[in-house]
Structure formats: C-alpha cells, structure tokens
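Take a look at the structure set out below.
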Amino acid sequence: MIEPIGNQYVVARPVYSANAFGEEHKKKERHHKTPLDHLKKLCGCSAQKAKKVALSLFPIASWLPAYRIKEWLLSDIVSGISTGLVAVLQGLAFALLVTIPPRYGLYAAFFPVIIYFFLGTSRHISVGPFPVLSMMVGAVVVRLTPTDNTADSAIANSTMANDSSIDEQKVMVAATVTVLSGIIQLLMGVLRLGFVVLYLSESLISGFTTAAAIHVLVSQLKFMFQLTVPAHTDPFSLFKVLESVFSQIEKTNIADLVTSLIILLVVFVVKEINQRYKAKLPVPIPIELIVTVIAAGVSYGFDFKTRFNVAVIGEMKPGFQAPITPSRQTFQDTIGDCFGIAIVAFAVAFSVASVYSLKYDYPIDGNQELIALGVSNIFSGSFRGFAASTALSRSGVQESTGGKTQIAGLISAIIVLIVIVAIGFLLEPLQKSVLAALALGNLKGMLMQFAEIRRLWRKDKYDCLIWVMTFIFAVVLGLGLGLAASVAFQLLTIVFRTQFPKCSTLANVGRSNIYKNRKDYSEIYEPEGVKIFRCPSPIYFANISFFKQKLIDAIGFRPLRILRKRNKALKKIRKLQKKGLLQVTPKGFICTVDGFKDSDEELDNDKIEELDQPINTTDLPFQIDWNANLPLNIAVPKINLHSLILDFSAVSFLDVSSMRGLKTILQEFIRIQVDVYIVGTDDDFIEKLRRCEFFDDEVKDSIFFLTIHDAVLHILMKKDYSTSKFNPSQEVEAKLDDFTINTDGGLRNRECQVRIFSRFMYT
C-alpha cells in the first residue's frame with residue numbers, strides 16, 4: 001500500500017525475502033520462444049508480411065506517394081543544384097586521395113546517389129565520396145600497385161603509356177575494393193548485423209576522423225608543392241611522407257603553392273562567414289564553385305600549364321566507361337581492409353542520418369542502410385567509382401539549402417551527370433593544387449574535433465583516453481591498422497572498467513530507505529554490526545579476485561584467517577576440556593592450570609584443510625563467544641560484524657568461474673557466524689544459480705532479499721533490536737512479537753508489517 005502525503009509517500013508492506021515474495025506473488029507461466037519458433041516466424045509468409053518486406057527493401061514506396069509537390073519540390077530543386085555542384089568538386093578532390101585520376105571521382109559522386117534514392121531510409125544525407133574512406137581506399141591502392149618511379153618498363157614503351165597503365169591498375173584496385181566493401185555491407189544488412197556499429201563509440205569515431213584529417217592534410221602536400229613523393233603504406237608512413245616532402249622542399253612549384261594558399265584562405269574565410277551568418281543568408285555562399293570557376297578560367301587564360309609547369313586535371317573523357325570485372329586476387333589480398341572500410345562507411349553514414357532523423361522526426365533502419373550502401377558501392381565499383389558514404393559538409397549543404405527528401409539527391413546526381421557527359425572538359429585546365437586546397441577546406445570541422453578532448457576529460461576520462469589513443473593509433477599505424485587497434489583498445493577499456501569496478505560501502509542517508517556511499521555524506525546511519533557492500537559491475541572470472549579484495553578492505557579483516565584462528569583455538573579448548581582443565585561458570589571459563597601449550601609438532605601438524613572447515617562445537621557442553629575473553633589468553637581476533645549485505649542490483653551477470661569464487665566467499669563468512677544477504681538481483685540471476693547447483697546446506701536461497709532495506713529490517717528483527725524510533729508526529733505499526741525466525745533465516749509469519757517513512761531513524 002502506498003499513501004502519498006504531499007511530496008512524500010508512506011509504504012506499508014511486509015519485509016520480503018526473495019522466497020517470501022515468490023510465495024505470496026506467484027509468477028505466471030510464460031512461453032519462451034525457441035529458436036525453432038523464431039525460424040518458423042522468419043520463414044512464414046503472408047500478404048501483410050510480403051508488403052512489409054517490400055516496403056522495407058524499397059523505402060521510396062513509403063515516402064514518394066506522400067510527397068508534397070507544391071511545398072517541397074522547389075526546395076528540393078534548389079538544394080539538389082547546390083549539393084550537386086559541391087558533389088562535383090568533392091568527387092574530383094577526393095579522387096586525388098585515392099591516387100586515381102580525378103574524373104573517376106565523378107562516378108563515385110553519381111552512382112551511389114541513384115541507388116540510395118531507391119533503397120535509403122534517410123531523407124537528408126548526401127551519399128558519395130568521403131575523405132576518410134578515400135584515404136583508406138587510397139592506402140590499399142598504393143600498397144597493391146607500383147608507383148610511377150618503380151613501375152616495370154616492360155608495361156609500355158613510353159612514359160605516357162606507362163602512366164596510363166599504372167592508372168588503370170589503380171582504378172581496378174579501387175573499384176575492386178569498393179565492390180568487396182559493398183558486398184560485405186550487403187551481407188551484413190541481409191543478416192541483420194547493423195548492431196556492429198555500436199562497437200564504434202562516438203569518441204572512437206571522433207578520434208579516428210581527426211586522425212584521418214591529419215592524413216588527408218599530409219597527403220595533399222605533394223599536390224600543393226607539386227613534388228614527387230613515393231607512396232608509403234606501412235606504419236609511420238605519415239612521418240615518412242613528411243620527411244620526403246621537406247627533404248625536397250626546394251623543388252616546390254611556386255605557382256601551385258601560391259594558388260593553393262590563396263584558395264585555402266578564401267575558402268576558410270567565406271565558410272566562417274557562412275557559419276556565422278547562416279541565419280541571415282538565404283543559402284550558403286557556394287565558395288567552392290566560385291573559386292573553381294575562377295581558378296579554371298585563370299589557369300586556361302594564362303596557360304599556367306605551359307608557363308609555370310603546374311599539374312592540371314587533364315583529359316576529362318565525356319560519358320561513362322564500360323563496367324569492369326573485379327579482380328579475384330585483389331579480393332583475397334584486401335578482405336581485411338574492405339571490412340574496415342565497410343564498417344567505417346556505415347558508421348559515418350548512420351551517425352549523420354541519425355542526427356537528421358531525430359531533428360525531423362522520422363525513422364531510419366540501420367540494416368536497410370547497410371543494404372542501401374552495399375548496393376550503392378557495388379554499382380559504383382562496377383563502374384570504376386570508389387567507396388562512398390556521406391560527407392558531413394555535403395549533407396549539411398543539402399539540409400541547410402532546404403532539402404526535404406532524396407529528390408534533392410536525385411537532382412544533385414543529375415548535375416553530376418551533366419558534368420560527366422557534357423561539360424567536364426571545362427575543368428581540364430584546373431590545377432590539382434586547387435582540388436587539394438578544396439579537400440583541405442573541408443577538413444576544418446574534422447580538425448576542430450581536437451576541442452573534444454577537454455569536453456571528454458570533464459565528462460569521462462575513459463572516453464577521453466579512447467579518443468587520444470585512437471588518434472595516436474590512426475596517425476602512427478595508418479588508418480587500417482589504426483582502426484583495428486582502436487577497436488581492440490576500446491574493448492579493452494570495457495574490460496578495465498568491469499575488472500576494476502568502483503565498489504563502495506553504503507549507509508542509510510536521511511533516515512529513510514535510501515542507501516548511498518557512506519563517504520559522500522556526513523549524516524549517515526549504520527546499524528551496529530551490519531555492513532552494506534555494493535558492486536557496480538558484472539562479476540566474472542577476471543574480477544572475482546578484485547571483488548573479494550575490495551570486500552575484505554571494506555570490512556577490515558579476512559574471514560578465512562579468522563576461521564583458521566578459531567579452529568586452532570577450538571582445538572586447544574577441546575584438549576583442555578577433555579583433560580578436565582576447563583570449567584564453565586555463569587561468569588565465563590575457569591581454567592585450573594596456569595599454562596598450557598601445544599608442542600611445536602602439534603601446531604605444525606594442523607592441516608589447512610581441517611582449519612578451513614566450518615566450526616563445529618556440538619561435541620562441547622557449552623557455546624563459545626568468540627568476542628569474549630578465552631581461557632589461557634588464547635588469541636583470536638575479535639570482529640564486530642554479524643551481518644553482511646551485498647548489493648548486487650548493478651550485477652548484470654555472473655559466470656561459472658566467478659560463481660565458484662562467490663560461493664567460497666559466502667562460505668568463509670558463514671563459517672565465522674557472519675550472516676550474508678544478497679539484494680537487488682532479478683529472478684533470472686537466482687534461477688541461474690539454482691541450475692548451477694549453487695545452493696547447499698551452508699549457502700541457502702533464503703539469503704536473497706528484494707531491497708537493501710528489506711534485508712536491514714530483517715536483520716534488526718532477527719537480532720531482536722528495536723526496529724525504529726519516530727518523532728511524535730509520526731506513527732508506527734510494528735509488532736515485533738508477531739513474527740518468528742525460521743532456521744533458514746526466512747520470516748515464518750509475514751503478517752508483520754513495518755511502515756517505512758521518509759524520516760526512518762535507527763536507534
């Protein structure tokens with residue numbers, strides 16, 4: 001019964017052990033589905049289920065019929081044009097990160113958008129090249145293809161033919177990696193494995209993308225300085241590239257360097273204006289488009305290629321090339337890299353999609369996103385594109401310019417298509433240093449994530465450590481190995497958190513049924529002889545020893561040591577009693593001799609196994625008070641603990657190995673006459689202990705109570721203490737004479753009710 005009194009409440013109910021509650025409130029029978037039941041449901045077919053599957057596989061069938069043409073079409077067209085222009089430039093720029101000719105970046109900006117239009121569940125993200133993925137694909141391309149300097153001269157008879165052959169090999173590797181990544185994503189979506197993204201925490205993704213931004217920055221230096229830098233893919237490759245760049249810095253092409261610096265400055269300034277005045281600007285200033293048009297025109301008008309020997313995009317063949325067959329050997333060589341690319345692509349796309357789904361209140365499906373991205377990458381790779389996800393800046397443009405649905409994405413794909421088939425030749429005189437500067441201009445947001453360190457340090461030091469170590473791993477080991485090492489380290493931190501939990505000793509706070517860490521409060525109430533110990537993590541094989549040590553530290557003694565001392569003392573008392581040297585009086589023991597000592601041989605022959613057994617005094621005509629003075633100054637440590645409560649409300653599971661350790665701990669306390677109670681566990685926890693035959697004559701299932709307060713009240717009543725003392729304005733209904741204690745520790749008469757008030761006071 002609950003009686004509300006203003007902002008307080010009064011609860012009147014019996015003191016419940018787990019067994020007592022189970023007797024009074026019978027659980028209903030439930031049918032738990034077997035794997036066969038799930039399989040039947042999965043394989044079952046009906047018209048409703050077929051419709052649901054069709055709508056889930058083709059989300060366009062759900063939102064397109066409800067499309068509001070008058071309200072949304074104009075906004076989607078404007079957004080699509082703006083996003084398409086950005087997609088063209090980013091496709092060209094990010095192709096340099098893959099180390100393939102820039103024109104192939106247009107394919108990566110076109111095919112994924114078309115496929116995602118039909119299969120994707122997000123209405124706002126812009127699918128296409130992403131700098132981190134481009135770097136990861138580029139690392140594989142560099143590792144599996146020869147560089148310009150090391151190519152075999154037998155490949156072709158001229159330098160131009162040689163370069164063309166190398167480019168074809170690079171495109172083949174990039175396309176094959178993209179197809180395999182898409183296949184992995186598709187399989188994961190079909191198998192409903194979208195949950196794997198949960199293993200990439202926000203801190204890990206933030207640290208990884210920041211490290212990737214550093215890699216992008218370093219990789220673009222060779223285009224900004226126009227230097228010949230050999231490719232490196234092994235650990236410490238970033239530092240080797242820097243060494244190569246600065247060792248030949250005197251060969252810098254000044255025209256390329258000046259052009260890229262001017263464009264970087266202009267892009268950063270205008271983007272800052274867009275950010276600061278985004279509420280006043282109808283649409284963001286398309287600075288990338290503006291500087292591209294100006295740079296291409298200036299380069300063509302002043303013939304920079306001939307006069308200053310700058311590197312330009314070069315030939316942009318109109319139209320599409322025939323699909324290619326992926327290389328089987330590349331499949332075998334890159335399976336690990338492709339798995340990492342698939343996971344990162346999905347994690348980035350899903351995280352951005354989640355932001356917009358929450359903002360505009362519509363659902364997204366992680367497994368369907370995997371399918372959409374997988375098919376998109378398969379198509380893109382088959383037509384010589386490279387891995388796609390979503391770029392944060394491009395998705396931001398699509399959303400901020402008024403995009404409502406993926407119609408905007410379709411319009412952006414049409415803009416890219418126009419460039420591919422008609423006007424691509426206009427970009428041929430554009431300097432590669434301009435593309436490099438545009439790629440770096442998109443890194444501001446990623447580099448600004450350095451500010452995350454301070455915020456994470458204030459919130460959670462483990463998350464901050466994950467960010468820092470992920471950044472270091474990705475910078476030093478490279479993106480592929482760095483990602484694997486980061487995930488392993490993150491999982492290791494989870495082990496650390498559970499292996500070394502912050503256990504605490506609880507006390508009553510506020511004289512109520514609330515129990516908190518005794519170190520955090522000054523006014524606390526602790527029943528005499530009772531300790532309440534809380535474990536805030538699962539208990540398993542790796543932390544059971546730590547749990548035991550923390551428990552010993554909290555109570556101040558080792559129960560096994562006390563047990564052995566008492567058994568040794570009991571052995572001496574028995575010898576005295578058998579020899580008639582010990583008499584028992586109402587005032588205590590009386591020994592008729594002045595001294596008694598076992599021989600050294602007898603002391604040494606005490607077997608550990610015997611000393612660890614329960615204390616048995618049934619053969620003695622008296623009971624022993626181990627906290628009293630024993631005869632002949634027999635030394636046994638005294639303890640002021642008679643009850644121990646273990647709060648397992650935060651213990652989610654217990655494995656078999658730790659189960660044995662926990663039982664040993666309980667036995668050690670029970671054998672020195674310390675009652676142990678476990679509170680806060682659910683029924684499945686207790687049922688698992690029963691299945692594993694945890695309980696016996698010593699450790700009984702009656703030790704489980706629903707709450708800490710139930711256990712405390714049970715202890716107070718069992719020890720025949722005054723249960724509570726109230727102020728005159730409070731009332732109590734507690735008949736301590738109405739209950740008896742069973743031998744198993746349970747309440748025989750549960751009609752005894754104790755009202756728990758918000759101002760409960762212990763005596």
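We number each residue from 1, following the sequence as shown.
The salt bridge (charged side-chain N to carboxylate O under 4.0 Å, His left out) check on K70 picks up nothing, with sequence neighbours excluded. For H215, the ring pair (Phe, Tyr, Trp, His ring centres under 6.0 Å) test picks out no residue, with sequence neighbours left out.
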Next item on the list: List the steps, then state whether salt bridge (charged side-chain N to carboxylate O under 4.0 Å, His left out) holds for E428 with K305.
Entry: CA-CA 11 Å; E428 290 180 356; K305 182 179 180 181; over 6 Å; no
Next item on the list: Take F130 and S134 through the side-chain contact (heavy atoms from CB on, under 4.5 Å) test and state the conclusion after the steps.
Entry: CA-CA 6 Å; F130 179 56; S134 300; 5.7 Å; no
Next item on the list: Give the intermediate values and the outcome of side-chain contact (heavy atoms from CB on, under 4.5 Å) for residues N377 and Q185.
Entry: CA-CA 9 Å; N377 281 322; Q185 290 173 328; 2.9 Å; yes
Next item on the list: Go through the steps for L238 and I214 under the test side-chain contact (heavy atoms from CB on, under 4.5 Å), then give the verdict.
Entry: CA-CA 9 Å; L238 184 141; I214 300 298; 3.8 Å; yes
Margin query: Please evaluate residues V179 and S382 with respect to the criterion side-chain contact (heavy atoms from CB on, under 4.5 Å), reporting the C-alpha separation (whole Å), side-chain torsions for both, the decisive distance (0.1 Å), and the verdict.
Written below: CA-CA 7 Å; V179 170; S382 299; 4.2 Å; yes
Margin query: Under the criterion side chain to side chain donor-acceptor pair (under 3.5 Å), I'd like the reasoning laid out for S56 against D365: C-alpha separation, chi angles, the key distance, then a yes or no.
Written below: CA-CA 9 Å; S56 65; D365 184 348; over 6 Å; no
Next item on the list: Dump the intermediate steps for salt bridge (charged side-chain N to carboxylate O under 4.0 Å, His left out) on D337 and R143, then the final yes or no.
Entry: CA-CA 11 Å; D337 301 282; R143 189 179 77 241; 2.9 Å; yes
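A side-chain donor-acceptor contact under 3.5 Å links T176 to the backbone of S327. Looking only at distances, no side-chain donor or acceptor of T178 sits under 3.5 Å from a matching main-chain atom of G381. With hydrogens and angles disregarded, a donor-acceptor distance shorter than 3.5 Å links the side chain of S219 to the backbone of V216. In this structure a side-chain-to-backbone donor-acceptor pair under 3.5 Å is missing from S299 to A295. Remark: the backbone N or O of A372 is paired with a side-chain donor or acceptor of S376 at under 3.5 angstrom.
Here the CD1 atom belonging to I407 is positioned 7.0 Å from the CD1 atom belonging to I411, to the nearest 0.5 angstrom. Atom-to-atom distance recorded for T83:OG1 and I125:CD1 is 12.0 Å, nearest 0.5 angstrom. Between the CG atom of L96 and the NZ atom of K222 there is a distance of 9.0 Å, given to the nearest 0.5 Å. Taking CG of D167 as the reference point, atom CE of M172 lies at 13.5 Å (rounded to 0.5 Å). In this structure, CD1 in I285 is found 12.5 Å from OG in S82, a value given to the nearest 0.5 Å. Residue L55 holds its CG atom at 4.5 Å from OG of S62, rounded to the nearest 0.5 Å.
S354 has its side chain within reach of I364: a pair of non-hydrogen atoms, C-beta onward, lies under 4.5 Å apart. Side-chain contact between L435 and L430 is present, with heavy atoms from C-beta onward closer than 4.5 Å. Within the 4.5 Å cutoff, the side chain of V113 has no heavy atoms near those of the L410 side chain. A 4.5 Å side-chain heavy-atom check between L97 and P131 finds at least one atom pair inside the cut-off. Looking only at side-chain heavy atoms (C-beta outward), T145 and I166 stay at 4.5 Å or farther from each other. Using a 4.5 Å heavy-atom threshold, the side chains of P129 and Q90 count as separate. With a 4.5 Å cut-off on side-chain heavy atoms, L438 and T292 count as touching. Within the 4.5 Å cutoff, side-chain heavy atoms of L144 are placed close to those of T334.
Of all the heavy atoms in G482 and L477, the pair that sits closest is N-CB, 4.0 Å. Closest of all the heavy-atom pairs between L427 and I313 is O-CD1, 3.5 Å. Here the closest non-hydrogen pair linking S433 and M224 is CB-CA, 4.3 Å. Closest approach of A211 to V475, counting heavy atoms only: CB-CG2, 3.7 Å. The shortest heavy-atom contact between I371 and V190 is CG1-N, 4.2 Å. The minimum heavy-atom distance linking A349 with L373 is given by the pair CB-CD1, 3.8 Å.
Within 6.0 Å of atom CD1 in I69, 12 or fewer heavy atoms from other residues, nucleotides or ligands are found, so the atom counts as exposed in its surroundings. Residue F331 places its CZ atom among more than 12 non-hydrogen atoms of other residues, nucleotides or ligands, all under 6.0 Å distant.
Within the structure, ring pair (Phe, Tyr, Trp, His ring centres under 6.0 Å) contacts touching residues 361-389 (residues at least two apart or in different chains) are F111-F383, H124-Y362. The list of ring pair (Phe, Tyr, Trp, His ring centres under 6.0 Å) pairs with a residue in residues 40-85, not counting sequence neighbours, reads W63-F117, Y67-W72. Among pairs with a residue in residues 273-302, none fulfils ring pair (Phe, Tyr, Trp, His ring centres under 6.0 Å), at least two apart in sequence or across chains.
Looking at R394, K359, R123 one by one, the single match for salt bridge (charged side-chain N to carboxylate O under 4.0 Å, His left out) with E399 turns out to be K359. The side chain to side chain contact (heavy atoms under 4.5 Å, CB included) with I262 is formed by just one residue from the set L265, V258, T259, L264; it is V258. The side-chain hydrogen bond (donor to acceptor under 3.5 Å, both in side chains) with W467 is formed by just one residue from the set S206, S486, S203; it is S206.
S395 and T390 form a side-chain donor-acceptor contact under 3.5 Å, judged by distance and modelled atom types alone. If you check the side chains of S201 and Q490, you find a donor sitting under 3.5 Å from an acceptor. Between the side chains of S122 and E369, not a single donor N or O lies within less than 3.5 Å of an accepting N or O.
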Anything under 3.5 Å between a donor and an acceptor, one on a side chain of residues 99-110, the other on a protein residue two or more places apart or in another chain? List them.
unit_1: Y104; atom_1: OH; unit_2: Q321; atom_2: NE2; d: 3.3
unit_1: Y107; atom_1: OH; unit_2: G319; atom_2: O; d: 3.3

